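In what follows, a single structure is set out as C-alpha cells and then discussed.
A note on names: the letters A, B, ... follow the listed sequences, proteins ahead of strands, and every chain is numbered from 1. All values reported here derive from a predicted model rather than from experimental measurement.
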There are 2 protein chains.
Amino acid sequence: MQTHFTIDCVVYSFFEGDLQVLLTERNEYPYKDWWALPGFFVGNLEEMEDAVKRISYELTGLKDVFMEQLGAFAGVKRHPQGRILTVAYSTIVRYDDVKSQIKPVTDYMRQAKWFPVKELPELAFDHKEIIDKSLQKLKSTVNYSTAVYELLPEKFTLTQLQQVYESILNKELDKRNFRKKIANLGFLKELPEVQKGVSYRAARLYKFDKRKFQKSFGVE
Amino acid sequence: MQTHFTIDCVVYSFFEGDLQVLLTERNEYPYKDWWALPGFFVGNLEEMEDAVKRISYELTGLKDVFMEQLGAFAGVKRHPQGRILTVAYSTIVRYDDVKSQIKPVTDYMRQAKWFPVKELPELAFDHKEIIDKSLQKLKSTVNYSTAVYELLPEKFTLTQLQQVYESILNKELDKRNFRKKIANLGFLKELPEVQKGVSYRAARLYKFDKRKFQKSFGVE
DNA sequence: TCAAAAGTGTTGTGCATACACCCATGC
DNA sequence: GCATGGGTGTATGCACAACACTTTTGA
C-alpha cells in the first residue's frame, strides 16, 4: 500500500528553569486551532534527517545539533482523514540563540510557542503520546548522551546543569552528590571565568569537552 | 508525498548455543537470490503490530511474544525502485516450538533459514544496518527486558540463561558473578526438577516469574 | 575412574545516597 | 549586615569484577 508520510519534531529548549517544547497552533483542518508538534510532509527526494533540519530551521532560524529518531507512528486511526505515517524525531536548540526568532513560516499554523513540558496544552493527533515517549527516552539516556549540553549555552554553571538534569528526570537532586558525579565523569572543562550580573556570589563557568565525552563512550 | 510502506522483522531465536536470526531468500527482483529480512507490505487497515504478528506467524507458524519497534528506515536510495519506507520490528520465537515448521508461504521468497548472528551472509537493501541496530538495542536493554526469557524454553538451566546473555552481549561472563546477579534480581523460580538426558551432573531447572519481573520494573 | 559440567564465597573497588554548614558577593 | 545562591566532605550500602576449587553424575 501507499501512505502519506510526515515528520514530526519534538523540539526542546531550556529556559526559565524548565525544559520546554515548541508547539504550533494549527490553522487548518483537521484539528484547526489545536496545538500540535511542528510537522511537515517529507519531500520526494528528501532524506528524513534533512527534513528534520529543514523544519527546525524554518521554525527557529537555527541549525539543530542534537537529533534522534524516536520511531514511527502509524496507527490506522491517528489521523481522521486516513492513515498518515509519521516519523518522530527529537531535536534541541539553544534558547539564547533562538529567543526572539521563533515564528511560523507557513500558513498551516498561526503561531509557534514554547511550553514547559510540565504544562502542555491538549494536543492534536497522537502528539501527546509522541512527546511522552520522547521524554521517556530522554530520561533514560540522559547520562549517556550530549543532550543536556545541547540544551545549555556554551558556558554554563553547575547549577544550570543540575537544573537541566532535574527537569528531564523530573525530580530533585542533591547538589553535592550531583557535583561529585559530574566531576567523576570528567567531561567538563573549568573556565577561568565566572558568571556576571548576579547579585550574589558569582558561579564558576564550565564548558562541555566533547572529545573527552567521546573517549569515555567510544566515538560513535 | 506518498510512499510505499513495509514492515521488516528481525526474528530472533536461540539454539545450538547461538543467537540466531531468520532470513529469507528472495525469489524476485530486486535483489533476487539475496538473503533478506522477512518483510511485507502493510495492509491498508492493518495496524503495524498486527502486520508483525502476521509476518512472523506466516513464516514460523507461531505467535510471537516479544515485540519492539526499532525505528523507520527511509533512505531515498535504500530501494533501487524508489523510496520505500520500512518500519523495523524485532520479535522472538522459541526454537523448541518452531523447529521443524519454518517454511516460506509466499512466492516472493524461496526459503527461510536461521543464521547465527555471528555469521550472517551478505544482505539485501539496508538490512545489515537494520540488524546491527537491532542487536545494539537488544544489547543495551538486555537487563531490563524479558527478551532473554522469551529466547529460552519455559524451563531452563542457569547455564543456558548465561549463554543467551553471552551471545547477546558478545562476550564471556563469569559464572559465579552471573549467578549472583540473577539471584539478586529475584525473577526466577527454582523448580523441583533437574535436566534429563545428559551424561553428567544434571542442572537445576528454573522458570521466569513474570509477576516478580513486573513488580521490579513497574508494570508496563 | 574419568570426563563433563554443576555449583559455590570472599574481597576490593567504584558509584549512588544521605546529610549540613560556611563562603563570597552585591545591594 | 543581610539575603542569595555558591561551594564543599564523610560515612554507608550496593552492584560489579576478579578469582579456583569441590561435587555430582553417567558412561
Please determine whether a side-chain nitrogen of the Lys or Arg among D33(B) and R26(B) lies less than 4.0 Å from a carboxylate oxygen of the Asp or Glu. no
Look at all strands and tell whether R179(A) reaches a base, only sugar-phosphate, or nothing, counting heavy atoms closer than 4.0 Å. base
Nearest whole Å is fine: how far is dA16(C) P from Q162(A) CD? 14 Å
Taking atom C1' of dA5(C) as reference, at what distance in whole Å does atom CD of Q160(B) sit? 13 Å
Distance in angstrom units between L158(B) CG and dG7(C) P, rounded: 7 Å
Would you call the rings of W34(A) and Y31(A) parallel, tilted or perpendicular, where under 30° means parallel and over 60° means perpendicular? perpendicular
Just the table, please: protein N/O against nucleotides 22-25 of chain D N/O, every pair under 3.5 Å.
{"unit_1": "dT23(D)", "atom_1": "O2", "unit_2": "R201(B)", "atom_2": "NH1", "d": "3.1"}

Given the side-chain rings of F178(B) and Y165(B), with only the six-membered ring counted for Trp, is the space between their centroids under 6.0 Å? yes
Below 4.0 angstrom, N of the basic side chain to O of the carboxylate: do D209(A) and K189(A) qualify? no
Roughly how many Å is it from CZ in R204(A) to P in dC23(C), rounded to a whole number? 18 Å
How many whole angstroms separate atom NZ of K196(B) from atom C1' of dG26(D)? 16 Å
Report, as a single string ordered 5' to 3', how protein heavy atoms within less than 4.0 Å touch nucleotides 12-21 of chain D: B base, S sugar-phosphate only, - not at all. ---S-BBBB-
Should we count CD of E154(B) as having more than 12 external heavy atoms under 6.0 Å? no
Run the salt-bridge test on K128(B) and D132(B) with the 4.0 Å N-O cut-off and return the result as yes or no. yes
Using whole Å, report how far CG of L161(B) lies from P of dA6(C). 13 Å
Pi-cation contact, F40(A) with R54(A) (under 6.0 Å, within 45°): yes
Are the charged groups of K113(B) and E25(B) less than 4.0 angstrom apart, N to O? no
Side-chain ion pair, K171(A) and E166(A), N-O less than 4.0 Å: no
Expressed in angstrom and rounded to an integer, what is the separation of I182(A) atom CD1 from dA16(C) atom C1'? 13 Å
Reckon T157(B) touches a base, only the sugar-phosphate, or nothing at all at heavy-atom distances under 4.0 Å? nothing
